[in-house]
Peer 1: 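Let me begin by handing over the structure; questions about it come next.
Below, all heavy atoms of this structure are taken into account, side chains as well, without hydrogens, waters or symmetry copies. When a ligand or atom number is given, it counts from 1 through the structure's own listing order.
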Amino acid sequence: MFNKVLIANRGEIAVRVIRACRDLGIPTVAVYSDLDAMAQHVRLADEAFSIGGQTAAESYLNTEAILKVATDAGVDAIHPGYGFFSENADFARAVAAQGIKFIGPPPEAIEVMGDKISARGAAEKVGVNGVPGQTEFLTSAEEVIAFGEEHGWPVAIKAAYGGGGRGMKVVERAEEAAEALEAAQREATAYFGRDECYLERYLTNPRHVEVQLICDEHGNAVYLSQRDCSVQRRHQKLIEEAPAANIAPEVLDAMGQAAVKVAQGCAYSNAGTVEFLYEDGDFYYLEMNTRLQVEHPVTEIVTGYDLVELQLRVAAGEKLPMKQSDVEVTGHAIEIRINAEDPAEGAFVPSPGKITKIIPPSGYGTRWDGGYQSGDEISQYYDNLVGKLICWGDTREVAISRTLRALKEFVIEGVATTIPANIVMLEHADFESCTHSTKWVENSLDLSGVKAELGNSDFEGETKLRKQVAIELDGKMFDATVWIPESDMPGKAKSKKKTKSAGGSGEVAVPMQGTIVKLTVEEGQTVEAGDTVAVLEAMKMENNIECDTSGTVESIRVQAGDSVSGGDIILVVK
Ligand code: MV4
């Protein structure tokens, strides 16, 4: 086993890996950006080293700085967590070149699965079917039209080097082909630096079912149940569960075996997940994620295996401790991703800021995997995940009611969270009957009236702090939520972080950190209040930035591809 492990990550996943190492008696080394000097993963690790910087690119994506810490601290392995360097073959190779073990799959397997066309090829090679589609790069809109006429509409244009739904465009009919291809290529270039795309038939109402794998370096692979991750919005998963409900056991078993074949076909080792779309009794291979996933805890709960421990053991050269026939699935587990976002009737507006108080629920069948404690800051520079609530029960029904109990107990103050929306989802009959699909949240769930109590005022004026207070009325205690302007709080300076595109000033500011994908106006052009002037990629989605004054575009201060911070003025209308 390893002598010392560096965790090249932050937040809840860094905390999760540190704890697993500690369970095994392995000392840990954390790295941190300037913003994370006081973060929970830093407090928890045995040693912690600054790598400087604020943005991900300056810190958790700084190979040189991380490798220097690894060498200085004398670690013999690096765990990448998820995101950041977890699926980066170059980083995995750079780590290996220092004589340090990368806790993840071989770089060759990361590469095969990183390119979605070769990933399709890897499945085809072992007889696993993807959605009917192309294995070559798409070159023209005419090809899209020919494919649609042959296989039927709609057709999906996907970025070959993409993932997470970015760069995917759905084409309903021939007339849309040219524009959709242009948009897909533009998005692919903005996110992944390459514009190659390919085609697939588009399934209109699928469920997202994925198979967890663990593979050792001796050719053994087992699948550990499945997860249903169909409750998502704009490719952001909101709720995940294990096992996948409402699917015939033979189908699930075939899916598990297909996943094992895909992994063995590319000499895979360590933890990985094979994603499928499931529709009308059939499943189709989609892609393989070559990392530990956010939602791994639901699998741990129903199978009884600690996935991070298994990752460490197989990376250290140990054989898998189990065979496929040893794996049993018990009960049902549900994970809720709790994000610092105001549900805002379905808009899900980021709500970064200081968590003034957090008391996660506990009790039987309740697990909290978090990355923050009271007083910690959710920074606009990183993702909004506060942590994950995982609840389990003997049956799916029990798991649902326990999750609801726990969510209603959750105390979190200072930032708005997705909890009110999570409650609506779990109480919904479609979720209960497991008849929802990946389209459910966006197309049929009604979130009107669902928002952070009294609203997140961050974009309206002064920042207000949410506070929970107890009120006694007639000898009975009631909980109440109040929002107090920050300037009224004792010892609080007026918030400086607020900047807004002030009505009438003509200065258009972006509401959050991100990348300018496109400018839709030119200098000298006449605009009306409410017109879209730019497209900002932030929080993994494209957001239209509007001007709030009518007039002429006087100056444009950014160009496509620029990174911007929340509050930056990108354009002036006079
Ligand atoms: C699809 C699809 C339907 N048909 N491919 C989105 C993310 C990326 N992993 C693949 N995605 C999809 N690919 C075909 N041919 C529907 C989706 C999709 C989706 C997939 C999984 C989970 C949520 C989703 C939400 C919308 C679309």
Peer 1: Going by the atom numbers of ligand 1, which of them fall below 4.0 Å from some non-hydrogen atom of E200?
Peer 2: 5 (N), 14 (C), 15 (N)
Peer 1: Test of understanding: given a 4.0 Å heavy-atom threshold, classify the contact between L277 and ligand 1 as side chain, backbone, both, or neither.
Peer 2: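 Near ligand 1, L277 shows its side chain, while the N, CA, C and O stay back.
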Peer 1: Looking at ligand 1, would K237 count as a contact under a 4.0 Å heavy-atom criterion?
Peer 2: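 Not so, K237 does not reach ligand 1.
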Peer 1: Out of L286, L203, N205, who is nearest to atom 10 (C) of ligand 1 when you count heavy atoms only?
Peer 2: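 Heavy atom nearest to atom 10 (C) of ligand 1 belongs to L286.
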Peer 1: Less than 6.0 Å separating the ring centroids of W153 and F147?
Peer 2: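 So the answer is no for these two rings.
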Peer 1: Do any nitrogen or oxygen atoms of K158 lie less than 3.5 angstrom from nitrogen or oxygen atoms of ligand 1?
Peer 2: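 By distance alone, the answer is yes.
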Peer 1: Report yes if the distance between the aromatic ring centroids of F283 and Y278 is under 6.0 Å, otherwise no.
Peer 2: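 Centroid distance F283-Y278: not below 6.0 Å, so no.
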Peer 1: Should you measure from each heavy atom of T438, which atoms of ligand 1 turn up under 4.0 Å away?
Peer 2: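 Near T438, the atoms of ligand 1 are 22 (C), 23 (C), 24 (C), 25 (C).
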Peer 1: List the atom of A344, the atom of V349, and the distance in Å for their closest heavy-atom pair.
Peer 2: CB-CG2, 3.9 Å
Peer 1: Are M168 and Y202 side-chain neighbours, meaning at least one heavy-atom pair lies under 4.5 Å?
Peer 2: yes
Peer 1: Short N/O distance, under 3.5 Å, between K439 and ligand 1?
Peer 2: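 Checking ligand 1 against K439, no N or O pair falls under 3.5 Å apart.
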Peer 1: If you count the atoms of ligand 1 from 1 in the order shown, which ones are under 4.0 Å from a heavy atom of V131?
Peer 2: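 Under 4.0 Å from V131, ligand 1 has these atoms: 15 (N).
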Peer 1: Holding to ring pair (Phe, Tyr, Trp, His ring centres under 6.0 Å), I want the full list of residues that pass it with Y198, two or more places apart in sequence or in another chain.
Peer 2: none
Peer 1: Are K439 and E442 ion-paired here, with the side-chain N under 4.0 Å from a carboxylate O?
Peer 2: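 Not counted as a salt bridge, because no side-chain N and carboxylate O are separated by less than 4.0 Å.
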Peer 1: What residue pairs, at least two apart or across chains, pass salt bridge (charged side-chain N to carboxylate O under 4.0 Å, His left out) with a residue in residues 193-210?
Peer 2: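 Non-adjacent pairs meeting salt bridge (charged side-chain N to carboxylate O under 4.0 Å, His left out): R120-E200, K158-E200, R194-E196, R207-D228, E210-R227, E210-K237.
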Peer 1: Quick one: does R201 get an N or O within less than 3.5 Å of an N or O on ligand 1?
Peer 2: yes
Peer 1: Which is closest to atom 12 (C) of ligand 1 in terms of heavy atoms, R233, M168, K116, E275?
Peer 2: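 Comparing heavy atoms across R233, M168, K116, E275, the nearest one to atom 12 (C) of ligand 1 lies in M168.
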